[in-house]
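First comes the structure, then the notes that go with it.
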Amino acid sequence: MFRIPWKHAAKQDYRQNEDAALFKAWAIYKGKYREGRDKADPSVWKTRLRCALNKSTDFQEVPDRSQLDISEPYKVYRILQDSNPSADSQGSPMIMQGHHTDFPATGVHLARPQFGANGESSRKVGSVPRERLVKEEPEQHGVLLESRLPIGRPLLPTELHISDFRLRVRVFYQGQMVEEVVSLTQDGCFILQGSVPVGSERIYGPCAAQRVLFPRCPLPPGMAEAMSRLLPHLERGVLVWVGPDGVFIKRFCQGRVYWDGPLAEHKDQPNKLDRERTCKLLDMSTFLQELERFMRGEGPRPCYKIDLCFGEEFPEAGVPKSKRLITAQVVPLFAKELLLRLPPPSTGATQQQSQAHRDEGHRP
C-alpha cells in the first residue's frame, strides 16, 4: 500500500510545489501540461490522476485507511497482485470509474430565453452546443455497461462506486427555462442569488463549489415585481452535491425551499427543506436496486430527477410546476447516462428503452 497527499487547493497552507507535485508530474507525463506554456491548475491535475487510478486495474483505493479530515490529508491505495478479471466476472456488466474533465472549469452554459410582454420566451442560441453536455464517449464518465446479462446473477456489481459527480441544473421562471448549467466539480454547486455562504466551508472548504445564479432577464411587470420581492430572500441559496451514497442538499437562504424527488415524503403536498440541515435527495443503493429490477423487466424506470421550488409550497395537488415563480431541476448525470446506456430490459425492452430516451428530451 502507498499514500498520496490529498490536500484541497483552497486551503490556506496549500503548497503547490509540494502538495501538487505528483499530480503535476502525471499531467506532464500524459501531455496535459506543458510547463511554461500552460496555466497551472492543481485541481485539474488531481482530478486526472484520481480518474486514472480509479480506472486502473492495477490499483485500488483503501478508503478506511485514507485520512481526509486532518491538516495533511492523504489517500491510501493498494497495488493489486492479479489485475486479470476472474472467470466469474466475465459476464457481469461493468461500470467504468472516473469521469472525463476536458470541460471548461466554469461549467457549460446554454441558452437563456428573453421573456416577451406576454410571458412567452424566445430561445437564444448559446455559445456552447448541447452535444457538449454528454460527450460521444460515455465510458469516460463512469457509466459504461456491457450488454451481457447472465441469468441468475445480479446485473450490477454488489459494490458500486460512482465517480461521476456532475449535476445538470436547469432554472425555470414560471415554466420557462432561463438557465442551464452542468457543474463539473466534485464539490457540487450552489443555486443562489448572491455570494456563497461562509457556512459552506464546513462541508467542502472555502467556496469550492460551482455557482448557478438566478439570471436577470426581461419579465412581464407582475412577474418582475414578484421576483424582486423573492430574490433577496434567496441570496445564500442552496448547495447540492453528489456523494458516494447519494445526492444531497443543504439550504442556507432565508427564503423557504421545497422539493420533490425519489426520497420525497409526499407527492401531492409540500416537502420543505429545513435550513442549515443536510437532506438526502437520492439514495444510491435504492436507485441501483430499482435499476436492477428495471433491467430485469420487473419494475419501472428508477426516478432520479429532483425538482426544487423557491418561495412557494411544492408540490401541491392540482397545481402544475409551471405555475411556480422560480423552480429548478437537478439531474445527477451518472444516473441519466446509466439509463441511456442500459442493455435492453428482459421484457418490454423496446417500449421501455424508447421511453427512457423520450424522457431525456428537453422538458421541465
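In this chain, numbering begins with 1 at the start of the sequence shown.
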If you round to the nearest 0.5 Å, how far is [atom2] of [Y] from [atom1] of [X]?
X	Y	atom1	atom2	answer
F248	K280	CZ	NZ	4.5 Å
I4	L53	CD1	CG	5.0 Å
C217	Q176	SG	CD	10.0 Å
R211	T185	CZ	OG1	14.0 Å
C253	L239	SG	CG	11.5 Å
Y77	E61	OH	CD	4.5 Å

Expected output: side-chain [X] to main-chain [Y] donor-acceptor under 3.5 Å:
X	Y	result
R251	Q254	yes
K267	G261	yes
S183	L167	yes
R170	A328	no
Y173	P215	yes
Q210	L184	yes
R236	F252	yes
R324	E313	yes

Decide whether [X] and [Y] are clustered together by the hydrophobic rule: side chain heavy atoms of Ile, Leu, Val, Met, Phe, Trp, Tyr closer than 4.5 Å, transitively.
X	Y	answer
Y258	F190	no
F314	V169	no
L308	V319	no

Show the numbers, then the answer: is there a side-chain contact (heavy atoms from CB on, under 4.5 Å) between F214 and L231? CA-CA 8 Å; F214 297 111; L231 286 178; 4.0 Å; yes

Step by step, would you call W6 with F23 a ring-ring contact (aromatic ring centres under 6.0 Å, His included)? CA-CA 10 Å; W6 215 263; F23 309 132; 5.3 Å; yes

Shortest non-hydrogen separation from [X] to [Y] and the atoms involved:
X	Y	result
P302	F294	CD-CB, 4.1 Å
C303	L282	O-CD1, 4.1 Å
M284	G243	CE-O, 3.8 Å
G311	L230	CA-CD1, 3.8 Å
Y14	A20	OH-CB, 3.2 Å
I326	L234	CD1-CD1, 4.1 Å

Determine, using ring centers only, whether [Y] and [X] are less than 6.0 Å apart.
X	Y	answer
W26	Y29	yes
F59	F2	yes
Y33	W45	yes

Connected-component partners of V62 among ILVMFWY, side-chain separation under 4.5 Å: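 Besides V62, the hydrophobic cluster comprises M1, I70, Y74, V76, listed by chain and residue number.
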
How would you list, by chain and number, every residue that makes a side chain to side chain donor-acceptor pair (under 3.5 Å) with [X], sequence neighbours excluded?
X	result
K7	D13, E72
N271	none
Q60	R78

More than 12 non-hydrogen atoms from neighbouring residues, nucleotides or ligands closer than 6.0 Å to CG on D64, yes or no?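 It does: D64 CG has more than 12 such atoms within range.
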
If you count the non-hydrogen atoms of other residues, nucleotides and ligands that lie under 6.0 Å from CZ in R65, is the total more than 12?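 Not buried by this count: 12 neighbours or fewer within 6.0 Å.
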
For a 4.5 angstrom cut-off between non-hydrogen side-chain atoms, does [X] reach [Y]?
X	Y	result
L325	F310	no
F172	V178	no
T327	D307	no
V331	I306	no
F165	D187	no
P42	Q16	yes

Please test V247 against W241 for side-chain contact (heavy atoms from CB on, under 4.5 Å), starting from the C-alpha separation and ending with a verdict. CA-CA 6 Å; V247 180; W241 71 95; over 6 Å; no

[X] with [Y]: basic N within carboxylate O range, under 4.0 Å:
X	Y	answer
R293	E298	no
E337	R166	yes
K32	D38	no

Under the salt bridge (Lys or Arg N to Asp or Glu O under 4.0 Å) test, residues paired with E225 that sit two or more places apart: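 Per chain and number, E225 pairs via salt bridge (Lys or Arg N to Asp or Glu O under 4.0 Å) with R229.
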
side-chain contact (heavy atoms from CB on, under 4.5 Å) against T286, all qualifying residues, sequence neighbours excluded: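 T286 satisfies side-chain contact (heavy atoms from CB on, under 4.5 Å) with D283, E290 only.
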
Between R256 and R275, does a side-chain contact (heavy atoms from CB on, under 4.5 Å) hold up when you go through it step by step? CA-CA 8 Å; R256 295 182 178 181; R275 191 177 182 188; over 6 Å; no

Distance-only polar pair, side chains of R168 and Q329, donor-acceptor under 3.5 Å: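 Yes.
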
Assess the residue pair L192 and V238 against the criterion (side-chain contact (heavy atoms from CB on, under 4.5 Å)); give the C-alpha distance rounded to whole Å, side-chain angles, the decisive distance to 0.1 Å, and a yes or no. CA-CA 6 Å; L192 76 176; V238 297; over 6 Å; no

